[in-house]
Every structure is written in C-alpha cells, then in structure tokens.
Amino acid sequence: MKKEHTSLFSNLFGAKGKPAESERSTPVVITSYSQPHVLQQRMKEEKLSHGETVTANISPVRLESNFGKMVLYFCPMQSIEITEKVNAGDGGSLPAEAIIDGLTVPGNCKPGLYTLKNVTLSSNGTMQVIATENTMWESV
C-alpha cells in the first residue's frame, strides 16, 4: 500500500483535494460581440420557431479566453444538427437575444473552434443554449 504524505500547510490551506488543472472547469459566457444573429439565422434555416425546444449539436463555435472565462462566439457557426425534438414551437418569430446556461469547458480546453454537442436549444423570450449532462466540446 502506498503511503501519502501531506503537510500541515496543505491541510490548513486546503491544497489537498483540489482538482488537477485538467479537471477544473472554466465558465463559458457570451458578450455583446458573440453575434447571436448567426445562431438565429441557423435556427431559422432549421425551421425552428418561437417556443420550440430541441437537443442539438452546433458547429463550429469559437471559444476565446478572456479574464478567466471562455467567451463563446457564434460567428463561425455553419450548422445545427437536431438530434431530438423536445417541444414544438408556436410558429412565431425567433427572439434576437441569446443566453447560455450551465456551459463550462474543461480546464485543459484551449481557445479555438469546437463542435458543441448535446445542448438544448430553446427559443422562449430569448434563444437559449443550455448545457445537459451529455454536453461535450469536440475540437474542430
């Protein structure tokens, strides 16, 4: 059996039990420069309407590091692949504003282009990109 030695300082200051750098996650945000109109256009191309909810893969999106967070940009997005329809829409127009909910990236994730897999897209009041337990980032 391997013995682990811990110092008094690591116990006092909480160093023990901290996740390794690659295990930490970084929050993902969008800004006014994230170009939600591109998300809206791709949703229109898939004939999604107001109030509709789907599970989808969106690709590619760009991540850039900014002040300890990763900023998501929709500008390079070419496609939305719908994998499941959850709720039908009401046929109304898609909102112009976008929000994201629960998206994080692993600490070892670098800025670049990614396919965002298994997210929930909803469009009730705002376009929402929501993380699920199966959400993954795949480098492009």
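Here the structure is a predicted model, which is why all the values come from computation and not from measurement.
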(request) Could you go through the salt bridge (charged side-chain N to carboxylate O under 4.0 Å, His left out) check for Lys117 and Glu81 one step at a time? (result) CA-CA 9 Å; Lys117 293 189 161 204; Glu81 175 192 6; over 6 Å; no

Under a 3.5 Å distance rule, please check whether [X] uses its side chain to pair with a backbone N or O of [Y] as donor and acceptor.
X: Asn118; Y: Asn134; value: yes
X: Thr83; Y: Thr55; value: yes
X: Ser123; Y: Ser49; value: yes
X: Trp137; Y: Pro106; value: no
X: Thr31; Y: Tyr33; value: yes
X: Gln128; Y: Ile100; value: no
X: Glu46; Y: Arg42; value: no
X: Gln78; Y: Ser59; value: no

Common cluster, [X]/[Y], ILVMFWY with side-chain heavy-atom separation under 4.5 Å:
X: Val28; Y: Val38; value: yes
X: Ile82; Y: Met43; value: yes
X: Phe74; Y: Val105; value: yes
X: Val54; Y: Ile99; value: no

Report the distance from atom [atom1] of [X] to atom [atom2] of [Y], rounding to the nearest 0.5 Å.
X: Ile58; Y: Leu121; atom1: CD1; atom2: CG; result: 6.0 Å
X: Thr120; Y: Asp101; atom1: OG1; atom2: CG; result: 9.5 Å
X: Glu64; Y: Arg62; atom1: CD; atom2: CZ; result: 4.0 Å
X: Leu94; Y: Asn124; atom1: CG; atom2: CG; result: 11.0 Å
X: Leu39; Y: Leu48; atom1: CG; atom2: CG; result: 9.5 Å
X: Leu116; Y: Ile80; atom1: CG; atom2: CD1; result: 10.5 Å

Measuring only between side-chain heavy atoms, which start at C-beta, is [X] closer than 4.5 Å to [Y]?
X: Leu113; Y: Pro76; answer: yes
X: Val71; Y: Ile30; answer: no
X: Met127; Y: Gln40; answer: yes
X: Leu63; Y: Leu72; answer: yes

(message) For a quick test of reading the model, state the closest non-hydrogen atom pair linking Asn87 to Glu52 and the distance between them.
(response)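 Heavy atoms only, the tightest pair is O-CG, 3.2 Å.
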
(message) Show the nearest heavy-atom pair for residues Gly102 and Ala131, with the distance to one decimal.
(response) O-CB, 3.3 Å

